[in-house]
Amino acid sequence: MVQGMSADSRPTAGPVSGRFRFCLTAAAAMGYGWVYRGTVGHEYGAMVPAALLGLTLCLASGRTDWHRRSAVAALFAAIGWSWGGSLSYMEQTFYVLSGSLPDVLYGYAVLFFLGALWTGCGCALLGMALTESRSHLETLMRPFVFVCGLYGAAFVYFLLNPDVFEAYETLTVIHFHDGDWLSATLTFIGAALYVIGRPRDRHGALLLLAGSTAWWIGYGLLTKLGGLRLAPLHRSESWGGVLGVLVVLILYLQRRNNQAALRLCLDGCVGGGLSFVVAVVVHGVLVLKPGPLAGVTLPIPAWRCAELIFGFLTGLCVAWCTFRLVRNRVTPPVEDSDRARLDVLAVLVLFVVLPWINVRRHTDRVLRTIPATDDLSFLGLPAGTWYAALGVVLSAAVVRMLWLYRRGDRSWVPASAFGKGLWIALLLIWSTASVQLLDEQPSRRSLLENLCVWLPAAVATWLLTGFAGRRTAQADGTAVPPESPVWSAGRRRLVLSAAAVAVGIPAAALLALGIQGDASVPRSRLRFGPNAWWRQTARLQGVWRVIGSAEQPGASTGPVDGLPFDRLEFTSRRKVYALSGSDRTADRHTWFLKNQFIWLHVVPDEGDTRPAVDIPIQFDQGKMYLAWPLPALQGRWLVLEREPDP
């Protein structure tokens, strides 16, 4: 975590860990982290598995110089993988279950592309953390912290002004494809101000400026103007912007001639993309249960298994690529500034910033499960306020400890750099695993889901602690500098990588079709043809006016009386509003895709004891037919007609 003691700085002879143990440890840590990310989601959730991966790679490397970089690697990996947090990848798995070869090929191609974006950005920053001098990393982090200050100000402003936040969300969905346009804009503004006001760190600020500009170019040309969409309408279309960021990182590493980090980035693109493809093939087997698996009931939900597989294979791939730097002894990064500054910042992000954003999602869920009749207030304050107060106390304790550490009081941390890094990794694993218990009330289902979190966390802990006390090695004069052409990807390797992608994606598609057979897949989706999801959802969105009822779809329309609404509004965020005149009578309903049909999830009014139901939406000659469970319909279908767009 910080400056090593004398025992840390002495080079000792001894082999580094074997590749198998090295890769397995990283895969287990990221597998756990990805399951946790599936619970909280989004960019900040993705930072947890990435940070664990950075910590694990350093701790398992057997290199004392990387032990001292463990917190820095966690911070940079977390930042790199967070950019992919806005990308929707689980939605693409529905295409590969469609049974149509073009749609299955499309699904796997997009999965590879998203995995390449995600892992490429993460490996680029991870490679920089493992090879660049500490002073150079600080030059990058100072403007980044300034930009994060703008993020924090915007977050607090939205928190205090929910109406403004709602307007921002609406604007983002309607005009910017639910993308991270505000983050890119704040980065551009903050980096530009930093370039002007802080010439000392202009180098790092220019990188942020180039990245934010590339985000707008990628998103603007490919999606905003080009109309290319990869995600469903209710998901973010930030992939063009992330592609721009990845291109900037590749050019930056090339300009600095950091061939080691560049190689890790490029290998990460290929390996990460293929990891996503292989993970979905395995997920398809779990969902379809062909041959001997027929009739087998999974003890945990398939989507939890999918998250664990995604994380495990991605961690395995990145570790396999990183081991090359360990085996060929890349030159130790230069420690030319006080290590405590950057390390303290890393711990502050991991144990103060991330918990405030991620744990809030857990507490929100548990508070929503509490019946309205239960009063949990204490001393006049609601339960949510007490959760926030507890967070303030814990954050203050972390800040206090880091302040003491920064002043030179190191008595409360392990003496070795390995011990410090291990302490951070275990605390990150088990603090996140513990708050997982807040997600829902105890039940058989929640117990099984929590086991899916705790078991990989326990395996990762067992493997990580196994490196304690092992002999370490410091790179010597035979080490290879990161700018050496030894690290560059040759033409032969590029051809092999391209061939692996060209063969792997069709092979995965054919295997998925072979596994599927005649099996019924409830959540399959089509990308092409007249029943493509985007054609269905495009004709669905808007306001539909009730014109009567019918015995069945396509039959003659008769009158209907006694309805609590006269129109239904379907939005791109899958919300369904019941309208009466100019008022909204209900906003609890949602629509979704299943079995190539659009379904309406109907939630009864408050006080109504009937359970929520799912009803299919059918279209016939421009009219919508709903088997809405209302007494006024008496078993007939509700008939609606689309109102012209304003």
Side-chain angles (χ1 to χ4, degrees), residues 87-111 113-114 173-179 219 222-240 509 512-513 516 520-547 550 552-554 567-577 589-602 614-628 637-646:
L87 304 177
S88 169
Y89 67 91
M90 283 300 290
E91 294 285 341
Q92 311 302 329
T93 62
F94 302 150
Y95 294 121
V96 305
L97 300 174
S98 66
S100 167
L101 180 59
D103 298 283
V104 174
L105 279 172
Y106 171 82
Y108 278 118
V110 174
L111 281 166
F113 176 66
L114 296 178
V173 170
I174 295 176
H175 297 288
F176 297 103
H177 299 87
D178 203 15
Y219 163 74
L222 296 173
T223 301
K224 185 65 176 177
L225 299 178
L228 296 177
R229 302 189 61 133
L230 301 183
L233 296 177
H234 60 283
R235 295 287 188 171
S236 170
E237 289 285 355
S238 292
W239 61 271
L513 291 173
Q516 181 171 339
S520 175
V521 183
R523 301 194 70 183
S524 61
R525 182 174 297 168
L526 296 175
R527 178 65 176 84
F528 307 105
N531 294 323
W533 68 268
W534 58 272
R535 286 193 170 96
Q536 295 186 51
T537 55
R539 66 180 176 180
L540 174 72
Q541 293 177 70
V543 177
W544 292 75
R545 177 173 54 89
V546 176
I547 61 174
Q552 60 185 5
R567 289 166 298 150
L568 294 176
E569 180 184 1
F570 295 79
T571 72
S572 62
R573 295 183 68 83
R574 296 194 296 184
K575 295 289 291 182
V576 180
Y577 297 102
H589 314 305
T590 57
W591 63 267
F592 63 96
L593 294 172
K594 184 176 74 171
N595 291 339
Q596 299 303 334
F597 289 100
I598 303 177
W599 294 66
L600 180 64
H601 181 67
V602 181
D614 296 333
I615 58 176
I617 300 176
Q618 295 193 30
F619 298 92
D620 186 87
Q621 297 182 356
K623 294 183 177 63
M624 176 190 294
Y625 293 84
L626 298 173
W628 197 294
W637 289 70
L638 188 64
V639 186
L640 301 94
E641 189 175 61
R642 184 184 177 94
E643 290 189 350
D645 294 330

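These values consider heavy atoms only, across backbone and side chains, with no hydrogens, waters or symmetry-generated copies.
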If we ignore hydrogens and angles and just use 3.5 Å, is the side chain of R535 paired with the main-chain N or O of F528 as donor and acceptor? no
Non-hydrogen side-chain atoms of W637 and L626 separated by less than 4.5 Å: no
Would you verify whether the NZ or CZ of K575 falls within 45 degrees of the ring axis of F570 while also being under 6.0 Å from that six-membered ring's centre? no
Under a 4.5 Å cut-off applied to non-hydrogen side-chain atoms, are V546 and L568 in contact? no
Kindly write out the residues that satisfy side-chain hydrogen bond (donor to acceptor under 3.5 Å, both in side chains) with W239, not counting sequence neighbours, or none if the list is empty. E237
Do F619 and Y625 have ring centroids that are under 6.0 Å from one another? no
What's the separation between atom OH in Y95 and atom CG in L105, rounded to the nearest 0.5 Å? 14.0 Å
Enter the distance from Y577:OH to H589:NE2 here, rounded to the nearest 0.5 Å. 11.5 Å
Using every non-hydrogen atom in the two residues, find where A509 and L101 come nearest and quote the distance to one decimal. CB-CD1, 4.3 Å
Begin with the C-alpha distance, continue with both residues' side-chain angles, and end with the deciding distance and a verdict on side-chain hydrogen bond (donor to acceptor under 3.5 Å, both in side chains) for S238 and S236. CA-CA 6 Å; S238 292; S236 170; 2.9 Å; yes
Hey, could you give me the NZ/CG distance between K623 and L640, rounded to the nearest 0.5 Å? 11.0 Å
Check for a donor-acceptor pair, side chain of Q92 on one end and backbone N or O of L230 on the other, with a separation under 3.5 Å. yes
How long is the gap from NE2 on H601 to CH2 on W591, to the nearest 0.5 Å? 14.5 Å
Rounded to the nearest 0.5 Å, how far apart are CD of Q541 and CD of E569? 10.0 Å
Is the distance from the ring center of H177 to that of Y219 below 6.0 Å? yes
Excluding sequence neighbours, so at least two apart, what forms ring pair (Phe, Tyr, Trp, His ring centres under 6.0 Å) with Y108? none
Can you confirm whether I617 sits close enough to I615 that some side-chain heavy atom of one is under 4.5 Å from a side-chain heavy atom of the other? no
Check whether Y106 forms a cation-pi arrangement with R527 (NZ or CZ under 6.0 Å from the six-membered ring centre, at most 45° off the ring normal). yes
Taking all non-hydrogen atoms of both residues into account, name the closest pair between V96 and V104 and its distance. O-CG2, 3.8 Å
Flag side-chain contact, heavy atom, 4.5 Å: M624 against V639: no
To the nearest 0.5 Å, tell me how far L222 CG sits from R229 CZ. 13.5 Å
Residues V576 and L600: closest non-hydrogen pair is CG2-CD1, 3.5 Å
